[in-house]
Q: 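Right, I'll just put the structure down here and ask away after.
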Amino acid sequence: MSNYAKPRNFHEARWDEPLIFELSSQGQRAMLLPEEPELQEILKEEQLLPKSIRREKLPSLPELGQAQVLRHFLRLSQETLGQEINIDIGLGTCTMKYSPKIHEQFVRSPKLSALHPLQPEHTVQGILEIYYGMQELMKSISGMDAFSFQPGGGAQAVFSNASILKKYFEDRGEGQKRDEIITTILSHPVNAASPHTKGFKVITLMPDPDTGYPPIEALKEVVSERTAGLFITNPEDTGIFNPHIKEMVDIVHGVGGLCVADIADSNGLFGIVRARESGFDLCHFNLHKSFSSPHGSMGPCCGAQGVRDYLAKYLPLPVVVKTDQGYALDYDREDSIGKVRSFYGVAAVVLRAYCWVRTLGAEGLKEVSRVSILNNNYLMHRLLSEVRGISAPWGKEKYRMEQVRYSFETMKKETGVGTDDVSRRVVDYGLQDYFQSHHPWLIDEPFTPEPNETYSKLDIDEYANVFKQISDEAYSTPELVINSPHRAPISKISIAPYEDPKDLIVTWRVYQKRRAGK
Amino acid sequence: MKKIGLLINPIAGMGGTVGLKGTDGIEILEEARRRGAIPRSEEKTRIALESFLGVYPYDDYVFYAYSPSMGGNLCKEKGLPYVLGPGPKENSLRKDTLDACRWMKKEGVTLLLFSGGDGTARDLLISEVDLPVLGIPTGVKIHSSVFALTPRHGGSELSAILLQEDIPVELREVMDIDEDLFRKNSLCARLYGYLPVPKNNKYLQAKKSAGGVDETIALQGIARRVVEAMDPDEYYFIGPGTTTRPILELLGIKGTLLGVDVLKNRKLILSDANEKDLLKILEEGKARIVVSVIGGQGYVFGRGNQQFSPKVLQKIGKQGIQIIATANKLAALGGKPLLMDLGDEALEKQLAGFYPIPVDGMSTYVYRCSNEE
């Protein structure tokens, strides 16, 4: 083992920092506005807002000086394990890859940051050209014929695709009849949730216990004239590519349904598989995942929605088009499903993704997938051959694409140490806790890492060595793992008291009310 | 201080080793002893306690054992803090199990760890002592879903339960087979009732987590869909279990928990019907079966609902069978197919295949039912 790949003797800072509201001291200010007479006059005359919407009391915001604010947030930052400070392989399905820092210079440049979405089109030709150029690139990458970057994330892109299905069948006079969609239990859960929200009934296929992907016979059993579409992720969370995908698509097409590919995580697919050749009618990518853009805390995101030419007229409003006069936002589309969010999507994410694709080129993109697949299979080899108590259910002895869903079931049975315990213990080695599984859990004690192309062999070795170390601990001193973390800002806490939503306190105001009530 | 009842049925499992298929009743016990059976229950419980001690780091508990042979000896041997009850030093009869349960309840025990098999689980049911229970499988017959997978696993589950502040429970099936018939190689399992089992142990909860969907709401959604799809001209045979009960509740019908209820036009025609009743009804008109899945095992027919006999199923056919289950229950099967135990291979093959199963108010899972691995 290289010395540099050894599990670290890590210890995180612990500041015991109160909430910022508790640090508030009346009268303190981080900055004072200049006493310009003109400004004072405007404020005094209260002309800025009509009286009816002015608040009667001042908002109860914390009052602190600049130094105190800065210190507070720096301390909190030391108590986190962000994506750029730890080897963030553990958040599988999220594709936590390095985001080139030069992209931040682009998006923070006033050339983008000072733009307003309501500016006249002729004054924002640059960003519109980038949108248009990115549409063209996405068409090449997927084989689809038209794109929209309106949806603010993967779930909304799937919802937007479900909305297109609804409108498509309404236009054909089949809106009432085609009310079922089919998905698989190991597809990303939004493939069931978003069409459900749109009013579709959801039929879910279960995996074959050996192969990990759904049997063709199960699909044949449920397709009918009521089938509106198939919403499916391939590869699913197992990282196993479904070789029967084209056959499944053909079966659904055979009964008149449409097929929608969830390619949120395309890290193993660039230059290898395209939605078009697999027969899909619609798809979506998450530009904030595989296309490198920082994401976390639920945003900012972009679900790039792609469709074949016969569905292009349904895309959300507006669509960026190229005209003789330049680039424009086209609102004149009577068949469109309408707007799915305000303005035009998250421009910063589109810009970063555009830079990323242009920098890599076609060969570079293919290399991204090749390296991701290689990294993943290297990590799988190390974990399965060296970490006692771990297994990879389904598709035994098969190579995987960009990620694997593992199980600590054996370790749990043999030592009492389960995935929750391991996930807490990794924090003691300077890694953030990991993603276990989407719901519902089909396997016990799951763990889903994704070592994409931006991790070096040394990174992956350190990651694997941490799990080897924890496994050794589980089999020799299980209580060490069960009671972890020991070197993090907070110790192990019991989950039970926080499981009931009625006990949750999510705002300072509610906290104060509860405390007053007691 | 957490008070854990430890109730070992010392004779559990003795029948199995000497070719008897259970140890219910004094005569069988004596036959087992005559054949040279030795008690194994305590030995397996020792494995569970050692596993527990290996992973539970605190000393905030005390065990309650009713008598030396029912847990006291083992507590003493392992150096565990324990309170010994007034039970007899030797022998352990059903009466002792019942007395032990009542004594533990009186002593304020909050979790009952018991070692035995289906017969012991039934005794706990008979005692009517309403305590969360966790079974260590030491008996011959383990058909009930109140047991840990193995004694070792039971130990780590106990640890996981004690690490929680509360012990939320869910009702799980107590099944048993007729030992006389079983000894003649005829399997006939019955659902005897439900015992509260902690649901907050991580092993089970992990499998059962379905993204925060409340189980009660899912069951009501299933019931609504079944009722909405009812054809007023057809009979509906509603199978036993807690999954099918909300259907009757939705219609304001008080049916049986363990039996088959017959409905037509959303009204109760017959409660607790037997095979003969169902065959007679089938002569009068078309009928459908609404049946749930036995938790953890995956049996749809042949366990706990023998009223749905091969003859009845033959007449109803695959198209007339509506299987219902929550997503949690299906996920907990870990990908294993649904099973039938009809004693009629041809019919089992005929009924095998994929079934669309409503799992809540909107969603349907497609699940394989097949006895072939």
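Order of the sequence lines sets the chain letters (A, B, ...), proteins ahead of strands, with each chain counted from 1. The model shown is predicted, which means the values in this text are computed figures rather than measured ones.
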Q: Checking A218(A) against chain B: side chain, backbone, both or neither under 4.5 Å from a heavy atom?
A: both
Q: Kindly give the heavy-atom pair with the smallest separation between P356(B) and V222(A), and that separation in Å.
A: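 Scanning both residues completely, I find the closest heavy atoms to be CG-CG1, 4.4 Å.
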Q: Heavy-atom distances under 4.5 Å only: say whether I482(A) touches chain B with side chain, backbone, both or neither.
A: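 I482(A) touches chain B through side-chain heavy atoms alone.
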Q: Rounded to the nearest 0.5 Å, what separates atom CE in M362(B) from atom OG1 in T197(A)?
A: 8.5 Å
Q: Counting neighbours of NZ on K318(B) that are heavy atoms of other residues, nucleotides or ligands and sit closer than 6.0 Å, is the number greater than 12?
A: yes
Q: Within a reach of under 6.0 Å around CG of D59(B), are more than 12 heavy atoms found that belong to other residues, nucleotides or ligands?
A: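 No, not enclosed.
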Q: What's the shortest heavy-atom distance between R152(B) and K413(A), and which atoms?
A: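 In terms of heavy atoms, the two residues are closest at CD-O, 3.3 Å.
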Q: At a 4.5 Å cut-off on heavy atoms, which part of K220(A) comes close to chain B: side chain, backbone, both, or neither?
A: neither
Q: Closest approach of P478(A) and G54(B), non-hydrogen atoms and distance?
A: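 Shortest heavy-atom contact: CG-O, 3.4 Å.
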Q: Below 4.5 Å, heavy atoms only, C-beta onward: do N483(A) and P57(B) meet side chain to side chain?
A: yes
Q: Nearest 0.5 angstrom please: S363(B) OG to K201(A) NZ, how far?
A: 11.5 Å
Q: So with a 6.0 Å cut-off around NZ of K349(B), is the heavy-atom count from everything else above 12?
A: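 Not buried by this count: 12 neighbours or fewer within 6.0 Å.
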Q: Taking all non-hydrogen atoms of both residues into account, name the closest pair between A331(B) and W441(A) and its distance.
A: CB-O, 3.7 Å
Q: Out of curiosity, S156(B) OG to M411(A) CE, how far, rounded to the nearest 0.5 Å?
A: 13.0 Å
Q: First locate atom NZ of K412(A), then atom CD of E157(B), and finally report the distance between them rounded to the nearest 0.5 Å.
A: 8.0 Å
Q: Quick one: what part of E217(A) sits under 4.5 Å from any heavy atom of chain B, side chain, backbone, both or neither?
A: both
Q: Say you draw a straight line from OH of Y367(B) to CD of E221(A); how long is it, rounded to the nearest 0.5 Å?
A: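 Here the interatomic distance stands at 15.5 Å.
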Q: Which region of P393(A), side chain (C-beta onward) or backbone (N, CA, C, O), has a non-hydrogen atom less than 4.5 Å from a non-hydrogen atom of chain B, or is it both or neither?
A: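 Contact with chain B: none, neither part.
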Q: Above 12 or not: heavy atoms from other molecules or residues under 6.0 Å from CD of Q176(A)?
A: no
Q: Using non-hydrogen atoms only, which part of I185(A) is less than 4.5 Å away from chain B: side chain, backbone, both, or neither?
A: side chain
Q: Just how far is it from atom CD of E414(A) to atom OG of S51(B), taken to the nearest 0.5 Å?
A: 11.0 Å
Q: Contact part of T183(A) toward chain B, heavy-atom cut-off under 4.5 Å: side chain, backbone, both or neither?
A: neither
Q: Can you find a heavy atom in the side chain of P214(A) that is under 4.5 Å from one in the side chain of F354(B)?
A: no
Q: I want to check something: taking the side chain as every heavy atom from C-beta on, are T204(A) and T364(B) in contact at a cut-off of under 4.5 Å?
A: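 No, side chains not in contact.
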Q: For Y365(B) and M206(A), work out which heavy atoms get closest and say how close.
A: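 Reported closest heavy-atom pair: CD2-SD, 3.6 Å.
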